[in-house]
Each structure stands twice: as C-alpha cells, then as structure tokens.
*Asks:* 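Following this message is one structure expressed as structure tokens.
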Protein chains: 2
Amino acid sequence: MSESLMAPRRTGGRGSDIGRPRDPDMDQAILRATIALLSEVGYVRVTVAEVARRAGVSKPAIYRRWSQKSQLVVEAMVTQMLPGKDNDSGTAADDLVALTDHLIDVLTRTPLGRVLPGLVAEMAADPVLAASYRNLIIKPNLRHWRAAIARGIASGELSVDTDVDFVLNALVGPLYFSLLITGEPIAAGYARAGVNLVLAPYKTAPS
Amino acid sequence: MSESLMAPRRTGGRGSDIGRPRDPDMDQAILRATIALLSEVGYVRVTVAEVARRAGVSKPAIYRRWSQKSQLVVEAMVTQMLPGKDNDSGTAADDLVALTDHLIDVLTRTPLGRVLPGLVAEMAADPVLAASYRNLIIKPNLRHWRAAIARGIASGELSVDTDVDFVLNALVGPLYFSLLITGEPIAAGYARAGVNLVLAPYKTAPS
DNA sequence: CTGTTACGTCACTAACAATTACGTAATAGG
DNA sequence: CCTATTACGTAATTGTTAGTGACGTAACAG
C-alpha cells in the first residue's frame with residue numbers, strides 16, 4: 001500500500017525544514033472547528049469557508065494543509081474520535097455486547113452518525129479518501145471485535161470453526177443498514193439478543 | 001403518512017386535464033437517460049443538463065416533472081429496476097438463499113450499486129426523498145424476505161419464536177455494510193452459509 | 001376561438017469548491 | 001544582519017451545477 005493512501009495531509013513545501021513553519025495552533029483550531037460544524041449541520045452542509053471563519057483562519061490556510069474538504073473531514077474524525085476500548089470482560093459474548101452497545105452509541109449519539117452518509121458518497125467517488133477512512137477508522141475498530149472472538153475461541157467458549165467474519169458482519173452490518181438505509185431505530189436490547197443469536201451455532205457445550 | 005411523501009413527481013398545473021398535456025415519450029426518454037447516465041458515472045456526477053442532452057429534451061422540461069434531481073433519480077430507479085420475485089421454492093432456507101443471491105447481484109452488478117452511495121447522502125439531507133426510497137424500493141423488497149420467513153414458520157420449518165427482524169437484518173445488513181463501508185467483496189457462498197448460520201437457532205428438529 | 005398548459009431557448013441567480021496573486025510576517029541558515 | 005523560503009491573510013477569480021424565470025411558440029380541451 002502506497003503511503004499516499006495513508007497520508008492525505010499535505011506535507012510542507014519541498015522540504016518541511018526550510019522557510020516559515022506552519023502554525024500548529026491553526027491545525028488544531030481547524031480540526032476542532034470542523035468537528036463542531038460537522039456535528040451541527042452534517043457533512044454536506046459543511047463549507048470550507050465556514051470552517052475557516054470559525055477557526056479564525058483563512059481559506060488558503062486550510063487548503064495548504066488538506067487538498068480537499070473530504071480529507072480534512074477524515075482527519076478531523078480520526079483525531080477527535082476515540083476508538084472503542086478493548087475491554088476484556090472475561091467472555092467473548094460479553095465483550096461483543098459491550099462493543100455492539102458502544103458502536104450503537106457512536107452511530108446514534110455522536111457526530112459520526114450525521115457525518116457518515118455524506119462521507120459514504122465521497123468515498124465512492126474518491127478511492128484515496130475511502131482508503132484513508134477504512135484504514136484509519138474502520139479497520140482499527142473491527143480489530144477489537146476480532147480480538148474478542150479470538151479470545152473466545154482460545155478459551156474454548158467458542159468453537160474453533162467459528163466464522164469470524166460472519167459473526168462480525170452479522171452484528172455490525174445491521175447497524176449501518178439501519179443508520180444509512182432504513183432509518184429504523186435500533187431495537188432496545190439489540191446487542192444482547194444479537195450476540196446470543198449470532199454466537200448460538202458456535203457456543204461449545206459448557207465443560 | 002401524507003401523500004406527498006409518496007409522490008415526488010410534480011402533478012400537472014392546477015388541474016391536469018386542461019391545457020396541453022405532457023408528452024409521455026419525454027417521461028420515458030428522461031428516465032432512460034437518467035438510468036444510463038447513472039450506471040456510467042454514479043449519482044454525484046449525474047447532471048440534470050447532461051440528462052436533458054441525452055434525452056433530447058430541455059432542462060425546464062425535466063424540472064416541470066421533478067422538483068429535484070434526487071427525486072428524478074429515485075423514480076428512475078423505481079421504474080427501471082424490477083423488484084425481486086417472490087419464489088416459493090418449498091423451504092424458507094432455500095427462498096432466503098435465493099433472495100440473498102439476488103440482492104448480491106443487484107448491489108454488485110446493476111446501476112443500483114453505483115447509485116446507492118450518493119443516494120444515501122441525499123436521503124440524510126432530504127426526508128421526503130428518504131421516505132420515497134424507503135417506501136417504494138426498500139420496504140417492498142423486504143416484504144419478500146418476511147414472507148419467506150413467515151412461510152417457514154407456518155410450515156413448521158422454523159420455530160414460532162423466530163426473530164424475523166433479526167434474521168432479515170443479519171442477512172441484508174452485511175451486504176450494505178460491505179458495499180458502502182468496507183468495500184470488501186462478498187465472500188463466494190455467502191448466501192448459503194449466511195442463511196444456515198442465521199437460521200440455526202430457529203431450525204426445528206426434523207419431524 | 002379561447003384559455004391553459006407544455007415546450008425550447010436563453011439568460012440568470014446562488015452556492016460552493018478550489019485556485020491564484022499579492023503583500024506581509026516569520027523562520028532557518030549563513 | 002541578510003537572504004532564501006515558506007506561511008499567512010485578503011481578495012479576486014474560475015468553474016461547476018442546481019434551480020428559476022421570461023418569452024415566444026405549439027398543442028390540447030371545451
């Protein structure tokens with residue numbers, strides 16, 4: 001994977017050592033203004049001019065750092081949103097319930113939920129952006145889910161035949177389907193019920 | 001639900017009976033041009049001006065029929081894409097496999113797959129459009145899934161406790177998740193494997 | 001015929017992303 | 001200190017596109 005897929009942010013001119021250095025405070029001000037605006041109006045209605053105004057910064061100053069609005073948004077999300085923690089509660093089932101509940105919370109009660117639809121559209125039109133988002137946000141988060149399932153297999157709680165991808169997708173997919181397509185609210189208790197059903201074929205007999 | 005949520009298309013002026021009637025051939029030409037353009041360039045890059053050019057029609061003629069580009073696209077998709085047929089193959093499991101395979105085909109090999117990301121963004125910003133798409137496309141299609149599961153319960157193939165929404169979401173959700181978020185290809189044999197696993201908790205003992 | 005609407009052409013507004021020119025300020029290295 | 005180099009703000013500009021509006025002409029209903 002080429003580095004450009006991971007580093008949408010523009011580097012300094014020819015060499016970043018010579019000339020006047022960029023003001024790091026501006027970076028933070030821009031990213032914070034981006035997140036704030038995102039959570040208020042959603043991706044589509046975020047304009048670079050408004051981000052600049054709120055950050056107390058000029059528009060060219062933003063374009064010096066990020067070549068596109070979409071890449072600014074991705075970096076803002078990466079730096080401002082903490083990945084789910086990898087709680088090890090003792091059983092894979094409980095870990096997955098916790099992860100599912102956390103994801104529901106993120107999708108329904110944080111800016112991400114409002115940002116995602118617009119971002120999905122941009123991703124489809126911009127492979128570089130898509131790679132950034134997937135590598136920096138999606139994959140790191142799914143890693144926790146895989147780890148929980150792996151621990152369950154190792155401890156004997158789950159069968160060694162457990163289809164990790166199936167379990168993961170069956171739990172996560174419906175949440176995105178609901179957010180992006182149907183608009184239906186997530187049923188209360190979805191996490192516990194879903195985990196029980198998805199793991200049912202893989203639960204080993206209690207020893 | 002108000003009728004306006006179902007009928008994005010503009011009616012004729014005050015009464016549709018007086019004055020020069022709209023040319024029905026133009027309707028078809030516009031819808032066909034929209035679908036063709038959609039499948040070539042995707043939602044974002046569809047411009048009303050280009051649709052008009054291809055349909056051999058003026059831009060105002062389009063806006064006389066649809067108030068927004070997004071509504072034109074929805075109607076184009078509704079009229080040009082056949083809903084999945086409701087095959088009754090004898091078992092709920094086989095029906096669900098067929099429906100799943102069909103949905104995979106639609107999402108990966110028809111214009112819908114290229115259109116959906118842009119449409120998701122529009123839906124998030126436009127409740128009327130969202131209602132149209134859900135009522136005209138999503139819900140009618142999911143009805144076939146529900147029917148198949150209901151038949152399985154009626155025949156005794158599935159437990160009466162079967163969680164219909166869970167089964168449906170666990171099969172459908174991952175497909176959209178893959179298309180819109182991860183970009184990962186659907187595993188070959190997903191339909192059969194997924195149905196087996198999702199139905200496992202509900203399969204009644206063979207009588 | 002008359003009223004009403006559709007149609008095309010053309011011009012137009014408004015919004016916004018993205019770029020550029022220019023003058024000024026800040027920094028590193030010599 | 002001096003020079004090259006880059007950052008910064010202001011401001012103007014380009015280009016694209018959605019969506020409107022005016023006008024003259026064509027087609028339909030009664």
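Proteins get letters first, then strands, A, B, ... in listed order; numbering begins at 1 in each.
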*Asks:* In B/S/- notation, 5' to 3', how is nucleotides 23-30 of chain D contacted by protein heavy atoms closer than 4.0 Å?
*Replies:* ---BBBS-
*Asks:* Roughly, in whole Å, what's the span from CG in A/Asp27 to C1' in D/dC8?
*Replies:*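 Checked: the CG to C1' distance equals 13 Å.
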*Asks:* Please find the pair of heavy atoms, one from B/Gly90 and one from B/Asp95, that lie closest to each other, and give the distance.
*Replies:*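 Shortest heavy-atom contact: N-OD1, 4.2 Å.
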*Asks:* State whether A/Lys59 and A/Glu50 are salt-bridged, where the test is any N-O pair (Lys NZ or Arg NE/NH1/NH2 against Asp/Glu carboxylate O) under 4.0 Å.
*Replies:*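 Between A/Glu50 and A/Lys59 there is no salt bridge, as every charged N stays at least 4.0 Å from the carboxylate O atoms.
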*Asks:* In whole angstrom, what separates A/Leu72's CG from C/dA18's P?
*Replies:*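 My rounded result for the distance is 11 Å.
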*Asks:* Side-chain contact, heavy-atom cut-off 4.5 Å: B/Met77 with B/Tyr133?
*Replies:*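 Yes - at least one pair of side-chain heavy atoms lies under 4.5 Å apart.
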*Asks:* Measure from CG on B/Asp126 to C1' on D/dG19 and round the result to the nearest Å.
*Replies:*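 Going from B/Asp126 (CG) to D/dG19 (C1'), I get 14 Å.
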*Asks:* Using a strict cut-off of less than 4.0 Å between a Lys/Arg side-chain nitrogen and an Asp/Glu carboxylate oxygen, indicate whether A/Asp101 and A/Arg192 qualify as a salt bridge.
*Replies:*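 So A/Asp101 does not pair with A/Arg192 through a salt bridge.
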*Asks:* Using whole Å, report how far CH2 of B/Trp66 lies from C1' of D/dA18.
*Replies:*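 Result: 16 Å.
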*Asks:* Rounded to whole Å, please give me the gap between CD1 in A/Ile62 and P in D/dC8.
*Replies:*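 Distance, rounded to whole Å: 11 Å.
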*Asks:* For DNA chain D, determine which residues of residues 42-59 of chain B have any heavy atom closer than 4.0 angstrom to one of its atoms, and list them numerically.
*Replies:*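 Only B/Val46, B/Thr47, B/Val48, B/Lys59 qualify.
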*Asks:* Where do A/Ile30 and A/Val51 come nearest, in terms of heavy atoms and distance?
*Replies:*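 Looking at all heavy atoms of both residues, the shortest contact is O-CG1, 4.0 Å.
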*Asks:* B/Met123 versus A/Pro117: any side-chain heavy-atom pair under 4.5 Å?
*Replies:*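 No. Closest side-chain heavy atoms not under 4.5 Å.
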*Asks:* Would you kindly give the CG-to-P distance between A/Asp25 and D/dA7, to the nearest whole Å?
*Replies:*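 Result: 16 Å.
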*Asks:* Would you call A/Asp27 and A/Arg22 a salt bridge, using N to O less than 4.0 angstrom?
*Replies:*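 Result for this pair is no, no salt bridge flagged.
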*Asks:* Which nucleotide in the set C/dC7, C/dG8, D/dG19 lies at the smallest distance from any side-chain heavy atom of B/Ala61?
*Replies:*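 My answer, after comparing the listed nucleotides, is C/dG8.
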*Asks:* What closest approach, in Å, do B/Ile186 and B/Ser178 show between heavy atoms, and which atom pair accounts for it?
*Replies:*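 Closest heavy-atom pair between B/Ile186 and B/Ser178: CD1-OG, 3.7 Å.
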*Asks:* Distance to the ring centre below 6.0 angstrom and angle to the axis at most 45 degrees; does that hold for B/Lys69 and B/Tyr43?
*Replies:*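 Pair B/Lys69/B/Tyr43 counts as cation-pi.
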*Asks:* Mind listing the residues from residues 114-125 of chain B sitting with a heavy atom below 4.0 Å of DNA chain D? Number order is fine.
*Replies:*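 The stretch gives none, as no residue of it lies under 4.0 Å from the strand.
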*Asks:* Can you establish whether the number of heavy atoms outside A/Arg45 located under 6.0 Å from its atom CZ is more than 12?
*Replies:*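 No, because the 6.0 Å sphere around CZ of A/Arg45 holds 12 heavy atoms or fewer from other groups.
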*Asks:* Is the closest basic N to carboxylate O distance between B/Arg54 and B/Glu40 below 4.0 Å?
*Replies:*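 Result for this pair is yes, salt bridge flagged.
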*Asks:* Name the closest nucleotide to the A/Arg22 side chain, picking from D/dA18, D/dC8, C/dA18.
*Replies:*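 The closest nucleotide is D/dC8.
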*Asks:* Whole angstrom is fine here: how far is it from OH in A/Tyr63 over to C1' in D/dG9?
*Replies:*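 It works out to 16 Å between those atoms.
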